[in-house]
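Working notes, beginning with the structure itself.
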Amino acid sequence: MSLAKSYEKRAKKRLLTTAFLLSAMVALFWLALISGSGKIIFSDTFRILNISTCNDNFAMIIEAIRAPRAFGAILVGMLLGLSGVTMQGVLKNPLASPFTLGISQAAGFGASLAIVVFEPNAISNPFMSKFVIAFLAFSTSILCMFVIVWIGRKVAMIPSTLILSGVALGSLFHAGTMFLQYFTTEINASATLFWTFGDLSKATYENLWLLLLVLVVSMVVLWSSHWKFDALGFGDESAFNKGVNVKNFRSFALIFSALCTAIAVAFFGIIGFIGLVAPHLVRLFLGNSHVALIPLSALSGGVLLLGADLLSRMLFYPSVLPVGILTSFIGAPMLLYLLASKGKIR
Amino acid sequence: MTLSIKNLNYALGKKRLLQDISFESQGGQIVGIIGPNGAGKSTLLKHIAGFLKPNTSNILLDKIDLCNLNPRALSKKVAYLSQFSSSVHISVLETLELGRRTHSGMQINQKDKQKIEETITHFDLKDLLERDLDSLSGGERQKVLIASALLQEPDVLLLDEPISHLDPKNQLEMLQAVKKITIEKGLVTLIVLHDIQHAIHYSTMLLLLKKGKISNYIETGQLNKEMLEELFDVKTSLHVSEGHTFVYYGHVHDEGHRLHHHHTF
């Protein structure tokens, strides 16, 4: 096998996987647009193609409800997938995810704090009230990651210490949330609980632009360091000798990873398992080389969440299940299946 | 090319792991580092590789102080193969590319590809390119890791027990390859070995390290039995046969032993 041939073969394999994921995403996006009232209406395809000539009602449903929701699913899924692959890569741990590091619990605490202490329902401007919740959720999750990195830098950013600090902080924030829930009114307590059910109906074009901005910046920054993730796989000392400033790179990657999760969770609540499962799915096909793994984990995160959201809209119609519940329902058995059958999770 | 280390000291808590280490080595020379467990052999290599920063010493490569270089610049001067390697699921080709990244960054260009191609030919890796690194045998894996390290185009090559897990044939091939490349490229090669036999046969110089101190730094031919007895605290004898030196440890001739070995003396 010559070098050129190996390059060609590898490029082909990566291209095929990308093409598969992209077409799955397009197909699911199309299904998301044409499905409503619990069923898929294929004839709507033609109405969407000529949306400008359609009656106002239909155009409104597509443009203001279904499209932002589908875009939201793609963006949130991609952010979570990117965040997951980054954490797994820099912590050299296949179980690392926004949950294991306490980021999601921190966001939950921030949102609860906003709901209980600042009572955004009392704020007359609905945009402001949502913003207060999102802002506090975002800030606490970023704070959580900074504390982890701060502790980590005292011990040369050893992965196991970072993960354990994350677990500890996660319990701490969770306890804080329960404390708030216990002492507040029932209405507030249920509001905090409902906030944690990740829900894509909260998508608006304003928050989607913000998500897109964070996704693009983090993707460029993390992807351009792809080889540093590969180097870390060989251990910190070997990575250092390949030219990676391990301590700085690990801090920097974790903060970008937290940023991705924090922005998604702040606006949409907690959506589990996408960040954990998406990278593992790609690994099964393409191995652990991060030049392909990073973008494709994001892509497969988007596909997974878009599919899950479609299901959550259809399964119990007329109830629409918050997608966060469904992702855990599907994600957990899926992970168990992969673990047991392939033995290739790494 | 001269690597010179002057007054290197390192302490962990109250334990002094390295004491006044000073020595020089030239390009094209292999320095075999030998000594008992815990003598500081790996610690010494880690200082030269830059993971451990000395507070009061100079590690100079010609005129450059290696302690002042950032990781990226250092990785172009010094390549290091650790004693332990973790399990990674990337292909051989990707492992080779990784060795080139310090020069190439995120995008491998034509010149890098050419270097990789040369290395593949040199180490005869063309049949392994698409294999997962973890699916290789110990010998193949070590060969790939050394090839990847050499793609950094270093001036100094540090090998920490590179042959401990290999069978005799692979041990010889590996050391043969290291010797060849050291001479060809004029590298300063430092290699920690537990097998004194190999150390004697493949090194130009021997660095004997005990309790963090250099007990001897000599040309390989000057090694004698007293030095080894002092170093390892075991009875030692050296035998020369057909120009090769062989080492025996703890060779006491009691009755049972004689029967066992069919000795004639």
Side-chain angles (χ1 to χ4, degrees), chain A residues 1-14 88-89 92-94 156 159 220-249 280 282-294 342-346, chain B residues 45-46 49-52 70-76 78-108 113-114 116-121 125-134 145 148-149 151-152 154 158 160:
Chain A
M1 191 73 60
S2 75
L3 179 62
K5 218 168 170 184
S6 290
Y7 272 120
E8 199 180 305
K9 203 169 159 189
R10 188 175 72 178
K12 218 175 194 173
K13 200 171 166 190
R14 287 177 181 170
Q88 289 169 11
K92 292 191 291 178
N93 190 313
V220 168
V221 165
L222 294 169
W223 196 9
S224 61
S225 309
H226 64 82
W227 62 275
K228 297 183 180 172
F229 290 89
D230 290 351
L232 279 178
F234 284 89
D236 289 7
E237 290 182 352
S238 302
F240 178 89
N241 191 251
K242 297 288 177 207
V244 182
N245 187 333
V246 174
K247 208 170 145 184
N248 288 351
F249 176 65
H280 287 311
V282 181
R283 272 195 199 96
L284 285 180
F285 296 102
L286 292 181
N288 214 356
S289 169
H290 282 77
V291 64
L293 192 55
I294 289 173
K342 308 280 182 188
K344 264 174 115 180
I345 296 286
R346 50 233 186 169
Chain B
L45 288 198
K46 283 177 189 179
F51 318 129
L52 298 175
N70 66 31
R72 191 78 179 262
L74 189 59
S75 65
K76 291 171 188 157
V78 180
Y80 165 85
L81 211 59
S82 136
Q83 183 178 358
F84 309 102
S85 58
S86 41
S87 137
V88 270
H89 293 273
I90 66 176
S91 72
V92 170
L93 177 55
E94 282 146 5
T95 310
L96 295 177
E97 284 177 335
L98 192 54
R100 200 58 208 166
R101 295 291 180 186
T102 181
H103 295 281
S104 75
M106 62 176 291
Q107 193 72 43
I108 299 271
K113 282 187 185 173
Q114 202 188 327
I116 292 173
E117 182 112 56
E118 284 167 22
T119 307
I120 291 169
T121 318
L125 298 173
K126 66 181 183 344
D127 294 326
L128 301 177
L129 288 182
E130 286 163 31
R131 294 268 299 277
D132 189 323
L133 194 61
D134 273 22
L145 291 179
S148 170
L151 275 164
Q152 293 168 233
L158 307 172
D160 198 347

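Below, read A as the first sequence line, B as the second, and so on, with proteins coming before strands; counting in each chain starts at 1. What you see is a predicted model, and the numbers here were worked out from it, not measured in a lab. These values consider heavy atoms only, across backbone and side chains, with no hydrogens, waters or symmetry-generated copies.
No side-chain N or O of Glu237(A) forms a donor-acceptor pair with one of Ser82(B) less than 3.5 Å apart. Side-chain atoms of Lys242(A) and Ser148(B) include a donor-acceptor pair closer than 3.5 Å.
Of the possible donor and acceptor atoms, none in the side chain of Asn245(A) sits under 3.5 Å from a partner among the backbone N and O of Pro71(B). No donor-acceptor pair under 3.5 Å is formed between the side chain of Asn288(A) and the backbone N or O of Val88(B).
Ser6(A) contributes atom OG, which lies 10.5 Å from atom CD of Glu94(B) (distance to the nearest 0.5 angstrom). Separating the CG atom in Asp230(A) from the CD1 atom in Ile90(B) is a distance of 5.0 Å, to the nearest 0.5 Å. We find the CG-CD1 distance between Leu3(A) and Ile116(B) to be 6.5 Å, quoted to the nearest 0.5 Å. Rounding to the nearest 0.5 Å gives a distance of 6.0 Å between CG of Leu98(B) and CZ of Phe234(A). Put simply, CG on Asn241(A) and CZ on Phe51(B) are 5.5 Å apart, with the number rounded to the nearest 0.5 Å. Here the CH2-OG distance, from Trp227(A) to Ser104(B), works out to 7.5 Å after rounding to the nearest 0.5 Å.
Interface remark: of the candidates Ala79(B), Gly99(B), Ala49(B), Ala79(B) forms the most heavy-atom pairs closer than 4.5 Å to chain A. For chain A, the option among Gln107(B), Arg72(B), Arg101(B) with the highest count of heavy-atom pairs below 4.5 Å is Arg101(B).
Atom CD of Glu118(B) has more than 12 neighbouring heavy atoms from other residues, nucleotides or ligands inside a 6.0 Å radius. Residue Lys76(B) qualifies as enclosed at atom NZ: its count of foreign heavy atoms under 6.0 Å is above 12.
Contacts of Leu52(B) with chain A are absent, with no heavy-atom separation under 4.5 Å from either backbone or side chain. When heavy atoms are compared at a cutoff of 4.5 Å, Leu133(B) approaches chain A solely by way of its side chain, counted from C-beta outward.
A salt bridge is absent between Glu117(B) and Lys5(A): the closest approach of a Lys/Arg side-chain nitrogen to an acidic carboxylate oxygen does not fall below 4.0 angstrom. Note on Arg10(A) versus Glu97(B): salt bridge recorded, some NZ/NE/NH1/NH2 to OD/OE distance being below 4.0 Å.
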